[in-house]
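Computed over heavy atoms, backbone and side chain alike; hydrogens, waters and symmetry mates excluded. Proteins come first, then strands; the chains are lettered A, B, ... in the order of their sequence lines, and each starts at number 1. If you're wondering where the values come from, they're calculated on a predicted model, not measured in any experiment.
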Number of protein chains: 2
Amino acid sequence: MTIRRASELPKPTEAELAILGVLWERGSGTVRDVHEALYANDGGGYTTALKLMQVMHAKGLVERDDSQRAHVFRAVVSKERTQKRFLSDIVDRVFDGSASQLVLHALGSQSASREELKEIRQLLNRLDRESK
Amino acid sequence: MTIRRASELPKPTEAELAILGVLWERGSGTVRDVHEALYANDGGGYTTALKLMQVMHAKGLVERDDSQRAHVFRAVVSKERTQKRFLSDIVDRVFDGSASQLVLHALGSQSASREELKEIRQLLNRLDRESK
DNA sequence: CCCGCTCAACGAATGACTTCGTACAGCATG
DNA sequence: CATGCTGTACGAAGTCATTCGTTGAGCGGG
């Protein structure tokens with residue numbers, strides 16, 4: 001038996017991430033659900049989605065309920081955890097390990113609403129207090 | 001002749017990014033420089049670094065001065081532009097297009113010094129003023 | 001019972017990335 | 001000139017991600 005801690009799950013590939021996105025949004029879904037949400041428009045085949053999801057299941061990224069004829073899939077990794085993981089990766093690899101460099105870039109080059117700015121400021125205040 | 005605008009340069013792969021890191025830091029370097037900075041310790045071969053840099057040159061990611069026997073390489077893409085590119089990618093693919101979601105995650109889960117927090121706050125103030 | 005539909009399983013083909021072995025050129029030294 | 005050193009060039013091999021064609025199972029309607 002192989003036990004694998006969550007942190008050792010492989011990093012999702014690009015196509016896998018798109019599928020996880022659908023599962024996170026819906027909570028769960030069949031291959032058909034995912035195919036229609038992602039591939040139906042741009043001509044991707046049904047079996048392509050199926051194969052990807054089989055691979056993801058083999059990797060442990062998704063779990064599968066096969067009590068129904070159309071198996072129902074569900075993400076094993078949470079969205080938050082995955083976001084954090086990609087974030088650390090990018091901080092290490094292109095921002096020399098400095099998260100605040102990344103924050104400065106992100107704030108500078110992308111748009112944020114006043115609502116979001118307010119939220120960020122509140123978090124900033126809290127961090128300031130905690131690091132006193 | 002093929003002319004390629006900067007925005008169409010391919011996204012550097014993981015190994016390419018490490019090499020770009022060395023070139024950004026040094027300004028320029030030979031294959032030997034890069035190999036010693038990156039691969040010497042972990043056993044990577046000299047020709048591996050060479051091949052990677054040849055591929056990068058073919059892709060247009062680096063330029064090469066071959067007037068010397070040991071060719072001197074220099075990054076074509078700037079560090080800032082590459083950071084921005086990876087950032088947009090990750091915002092689109094795992095943060096549903098919301099840069100401030102990313103900022104909140106980054107601030108929450110990674111450490112930032114008081115200096116950096118101050119810098120972020122200043123930028124925040126400026127953004128607030130501008131969006132008034 | 002048989003046809004047609006939906007589905008999972010499997011394997012092949014392709015292409016990208018990475019690593020490395022080998023070949024070959026230039027140059028200095030004896 | 002022969003040898004050794006340092007460099008580039010080239011191609012093969014391995015791995016992984018992605019795409020797709022084919023097969024066979026199960027099920028319901030005629």
What's the [atom1]-[atom2] distance between [X] and [N], to the nearest Å?
X: B:Asp33; N: D:dT6; atom1: CG; atom2: P; answer: 14 Å
X: A:Leu52; N: C:dA8; atom1: CG; atom2: P; answer: 14 Å
X: B:Asp66; N: D:dT6; atom1: CG; atom2: P; answer: 21 Å
X: A:His35; N: C:dC7; atom1: NE2; atom2: P; answer: 11 Å
X: B:Gln68; N: C:dC27; atom1: CD; atom2: P; answer: 12 Å
X: A:Leu50; N: C:dT6; atom1: CG; atom2: C1'; answer: 12 Å
X: A:Glu14; N: D:dA17; atom1: CD; atom2: C1'; answer: 11 Å
X: B:Met56; N: C:dA16; atom1: CE; atom2: C1'; answer: 15 Å

Should [X] be listed as having a side-chain N or O under 4.0 Å from OP1 or OP2 of [N]?
X: A:Tyr46; N: D:dC20; result: no
X: A:Arg32; N: C:dC7; result: yes
X: A:Lys59; N: D:dC16; result: no

Just call it for [X]: base, sugar-phosphate, or nothing, with non-hydrogen atoms closer than 4.0 Å on any strand.
X: B:Thr13; result: sugar-phosphate
X: A:Val31; result: sugar-phosphate
X: A:Gln54; result: base

key: Whichever of A:Gly44 and A:Lys11 has its nearest DNA chain D nucleotide further upstream toward 5'   = A:Lys11
query = Has the side chain of B:Lys51 got a donor or acceptor that lies under 3.5 Å from a partner of the other kind on the base of D:dG11?
reply = yes
Check [X] against [Y] and note the closest heavy-atom contact, atom names and distance.
X: A:Ala106; Y: B:Leu102; value: CB-CD2, 3.8 Å
X: A:Val34; Y: A:Met53; value: CG2-CE, 3.7 Å
X: B:Lys11; Y: B:Glu16; value: O-OE1, 4.3 Å

message = Can you tell me which nucleotide in C:dC7, C:dG21, D:dT22 comes closest to the side chain of A:Thr47?
response = D:dT22
request  = Let me know, please, whether B:Thr48 or A:Thr30 comes out on the 5' side of the other along DNA chain C by nearest nucleotide.
outcome  = A:Thr30
query = Using a distance-only test with no angle check, is there a side-chain donor-acceptor pair under 3.5 angstrom linking B:Ser98 and B:Asp96?
reply = no
inquiry  = Keeping B:Thr30 on the side-chain end and B:Asp33 on the backbone end, is there a donor-acceptor pair under 3.5 Å?
reply    = yes
